[in-house]
**Q** 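Just dropping this structure here.
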Amino acid sequence: MEKKQRGVWFAGRCALALAIGALCYLLFGVIGRGCLFWEITGLPCLTCGMSRAWLCALSGNLGQAFFWHPLFWTVPLLALILIFFGAGRRWVQRSLLLCLFLFAAVYLARMVLLFPHTPPMTANPDGILPRLLGWYF
């Protein structure tokens, strides 16, 4: 694949992922359910606590915002980078990968330190997968 075609493909995939994420967020927000990942697996997702972090940040409580999700500030930064520079540039793609690794590292640290009883990293015993495993075992 040509370099420009790879950038267009990558940008399309990022746009698709953002659209799916926004659709799920809106759908479950309207229905009144929480995170789709949490509802299915019973485990918190990489972005668990992000909405609460932004609510705290917008109300001026940055300490609480960092408690709910320490990487809340990366989302608008990445969105601005994608809007103004696109995803075709190598440094943008590397920035996205770096953020993915940061989110994974923060997730692992939060799972070790906070799971399963400290919000936002709580377990959901009523999730689909835990109930299925409960029936099986």
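For clarity, every value in this text was computed on a predicted model and none was experimentally measured.
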**Q** Please give me the minimum heavy-atom distance between C56 and A65, naming the atom from each residue.
**A** CB-N, 3.7 Å

**Q** Find out if a path of hydrophobic residues (ILVMFWY) with successive side-chain heavy-atom gaps under 4.5 Å connects W73 to L98.
**A** yes

**Q** Grab the two heavy atoms, one from F67 and one from P120, that are nearest each other, plus how far apart they are.
**A** CE2-CD, 4.5 Å

**Q** Measure across L71 and M50 and return the closest heavy-atom pair with its distance rounded to 0.1 Å.
**A**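 Taking L71 first and M50 second, the nearest heavy atoms are O-CE, 4.2 Å.
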
**Q** First locate atom OG1 of T118, then atom CG of L113, and finally report the distance between them rounded to the nearest 0.5 Å.
**A** 9.5 Å

**Q** Show which side-chain atoms of residues 99-108 pair as donor or acceptor with protein atoms under 3.5 Å away, not counting sequence neighbours.
**A**
unit_1	atom_1	unit_2	atom_2	d
Y107	OH	P44	O	2.9

**Q** How far does CZ of F37 sit from OG1 of T47, to the nearest 0.5 angstrom?
**A** 9.5 Å

**Q** May I have all residue pairs that pass ring pair (Phe, Tyr, Trp, His ring centres under 6.0 Å) and include part of residues 42-63, sequence neighbours excluded?
**A** W54-F72

**Q** Kindly indicate, with the supporting measurements, whether the criterion side chain to side chain contact (heavy atoms under 4.5 Å, CB included) is fulfilled by R110 and H69.
**A** CA-CA 9 Å; R110 292 170 82 200; H69 201 292; 3.0 Å; yes

**Q** Is it the case that the side chain of W38 and the backbone of C48 share a donor-acceptor pair, with hydrogens and angles ignored and the cut-off at 3.5 Å?
**A**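 It does not hold such a pair.
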
**Q** Under 3.5 Å, side chain of H117 to main-chain N/O of A123, donor-acceptor pair present?
**A**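 A pair under 3.5 Å: no.
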
**Q** Roughly how far apart are N124 CG and R131 CZ, rounded to 0.5 Å?
**A** 8.5 Å

**Q** Under 3.5 Å, side chain of E39 to main-chain N/O of I128, donor-acceptor pair present?
**A**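 Between the backbone of I128 and the side chain of E39 there is no qualifying donor-acceptor contact (under 3.5 Å).
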
**Q** Distance from L129 atom CG to I40 atom CD1, nearest 0.5 Å?
**A**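 If we round to the nearest 0.5 Å, L129:CG and I40:CD1 are 9.0 Å apart.
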
**Q** If you group Ile, Leu, Val, Met, Phe, Trp and Tyr by side-chain heavy-atom gaps below 4.5 Å, do L82 and L97 land in one group?
**A** no

**Q** Minimum heavy-atom separation for P125 and P130, please, with both atom names.
**A** O-CB, 3.7 Å

**Q** If you apply the rule side chain to side chain contact (heavy atoms under 4.5 Å, CB included), what do you find for L55 with W68, and how did you get there?
**A** CA-CA 10 Å; L55 288 173; W68 286 113; over 6 Å; no

